[in-house]
Amino acid sequence: MATGLAQRLLDWFQRHGRHDLPWQNPQTPYRVWVSEIMLQQTQVATVLGYFERFMRRFPDVQTLAQAPSDEVMQYWAGLGYYARARNMHAAARRIVDEHGGELPDNAESLRALPGIGESTAGAILSLAFGRPAAILDGNCKRVYARYFGEPGWPGETRIARRLWAYARQHTPADRPGDFAQAIMDLGATLCTRKKPDCRRCPLNADCRALAEDAVECYPYPRPKKQRPLRQARLLAVMDDDRVLLEKRPPSGIWGSLWSLPEIGEGFTAEDHARQMLGLQLEDARPLESFTHGFTHFELQITPWIGRKGQSAGVADEGQLRWYSLARLPGVPAPVAKFLANLPTRNESS
DNA sequence: AATACGGGGCG
DNA sequence: CGCCCAGTATT
């Protein structure tokens, strides 16, 4: 009988796995947690720089819990999925209040924290606490789908359940953390989506997909849909080199991030400025539109620009703030790019 | 059970 | 340019 899947992965990991990722040295529960949240839907190479900066500013749960949310969001700006940062900040405060500042070491308590689902709980338990908990991220799904020749799209509940069953079944009681890291490393370095290096794979002896000579057919891809086009007008009210930003609501696009105010549908720029921002807008004019792609739709943004006239009543204080163009808070990437290309002196021909 | 959430990387 | 990536929360 051949060596089991777990043992082959563990042996391979010892020689060829990644052992020098920042969150592995030292591999504390807090660092594992932060890295896992950052790594949700975000690749390792992108996370590296964010993780180091984040750790320098928020070295432990207490520091994170006490930090103003604007600053947490600022350190997250550019990573996307901003609900992750909002949830993590709220979770840090609950960890301080309810768990004495230490991450809980059981699945139920971890799952109760905002932003921690089944897989992230499993990652924290196995990687940081050495508990035999299963994980199932994109890498694992790909490895299992290929090794077991699992047909179907993993986004389908029925398929996901089968993959979770494989994961639980094969997670070893001994060295579960190494196993979790091993299967993710295999998916990231050999069992890649395109051009997998099956020759070097420790599972190539009995991989179902390889036997079928159809490795790249697994996992079955997401059914493609075409993305609808939405439109938005963003308003840049200038006061010399300062611009008025608005904190967006916690949910929805760019949640909790500072951004240019969005002109309400059916309102002129001037009306919106007067009624929602509490100021007169002068010399308002549209600039060239640009399109930003999201996962589920495309957003055509038409930026409007104008100068601040006199204030016209009480605006929504707290959600509105003036910022120097040279010292912006974390703003969405396309907005940051647009603002960066504005002439510093508000000049019109 | 399906959908929303986002930016970066890559061929 | 299309597709994917260390998933979770919401509906």
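Treat the numbers as computed from the prediction; the structure is a model and nothing was measured. Lettering of chains follows the sequences in order, A, B, ..., and the numbering in each one begins at 1.
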K.L.:
Is the shortest heavy-atom distance from the side chain of A/K308 to the side chain of A/L244 under 4.5 Å?
P.N.:
no

K.L.:
Is there a side-chain contact between A/R142 and the phosphate of C/dC5, meaning an N or O under 4.0 Å from OP1 or OP2?
P.N.:
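Indeed, a polar side-chain atom of A/R142 lies that close.
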
K.L.:
Mind checking which nucleotides bracket the chain A contacts on DNA chain B, 5' to 3', with an atom under 4.0 Å from a heavy atom?
P.N.:
B/dA1 to B/dG9

K.L.:
Take atom CZ of A/F51 and atom C1' of C/dA6, then tell me their distance rounded to the nearest Å.
P.N.:
13 Å

K.L.:
Name all residues meeting the salt bridge (charged side-chain N to carboxylate O under 4.0 Å, His left out) criterion together with A/R31; count only those two or more places apart in sequence or in a different chain, and write none if there are none.
P.N.:
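For A/R31, no residue satisfies salt bridge (charged side-chain N to carboxylate O under 4.0 Å, His left out) once neighbours in sequence are set aside.
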
K.L.:
Using heavy atoms and a sub-4.0 Å distance, could you list which residues of residues 17-24 of chain A are near DNA chain C? By number, please.
P.N.:
A/R18, A/L21, A/W23

K.L.:
Measure the shortest side-chain to side-chain distance between A/Y218 and A/Y147 over non-hydrogen atoms and say whether it is less than 4.5 angstrom.
P.N.:
no

K.L.:
Please state how far atom OH in A/Y81 lies from atom P in C/dC5, giving the value in whole angstrom units.
P.N.:
12 Å

K.L.:
Taking only side-chain nitrogens and oxygens of A/Q40, does any of them come within less than 4.0 Å of OP1 or OP2 of C/dA6?
P.N.:
no

K.L.:
With a non-hydrogen cut-off below 4.0 angstrom, is A/F297 in contact with a base, only sugar-phosphate, or nothing?
P.N.:
sugar-phosphate

K.L.:
Check every strand shown and say whether A/I253 touches a base, only sugar-phosphate, or nothing at a heavy-atom separation below 4.0 Å.
P.N.:
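A/I253: backbone/sugar contact only, no base atoms under 4.0 Å.
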
K.L.:
For DNA chain C, determine which residues of residues 149-163 of chain A have any heavy atom closer than 4.0 angstrom to one of its atoms, and list them numerically.
P.N.:
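Those residues whose heavy atoms fall under 4.0 Å from DNA chain C, taken from residues 149-163 of chain A, amount to none.
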
K.L.:
Of A/P114 and A/R222, whose closest DNA chain C nucleotide lies nearer the 5' terminus?
P.N.:
A/R222

K.L.:
Taking NZ from A/K141 and C1' from C/dG7, how many angstroms apart are they, rounded to a whole number?
P.N.:
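Atom NZ in A/K141 sits about 7 Å away from atom C1' in C/dG7.
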
K.L.:
On DNA chain C, check which nucleotide each of A/N87 and A/L39 is closest to and give me the residue with the more 5' one.
P.N.:
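Result: A/L39.
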
K.L.:
Give the residues of residues 182-200 of chain A touching DNA chain C, defined as any heavy atom closer than 4.0 Å, sorted by residue number.
P.N.:
A/M184, A/R193

K.L.:
Considering only heavy atoms, which members of residues 116-124 of chain A lie under 4.0 Å from some atom of DNA chain C?
P.N.:
A/I116, A/G117, A/E118, A/S119, A/T120

K.L.:
Do A/W12 and A/L5 share a hydrophobic cluster (ILVMFWY, side-chain heavy atoms under 4.5 Å, transitive)?
P.N.:
yes

K.L.:
Let's go through A/Q14 and A/R175 carefully: what are the C-alpha distance in whole Å and the side-chain angles of both, what is the deciding distance for side-chain hydrogen bond (donor to acceptor under 3.5 Å, both in side chains) to 0.1 Å, and is it a yes or a no?
P.N.:
CA-CA 12 Å; A/Q14 195 124 347; A/R175 295 172 63 194; 3.1 Å; yes

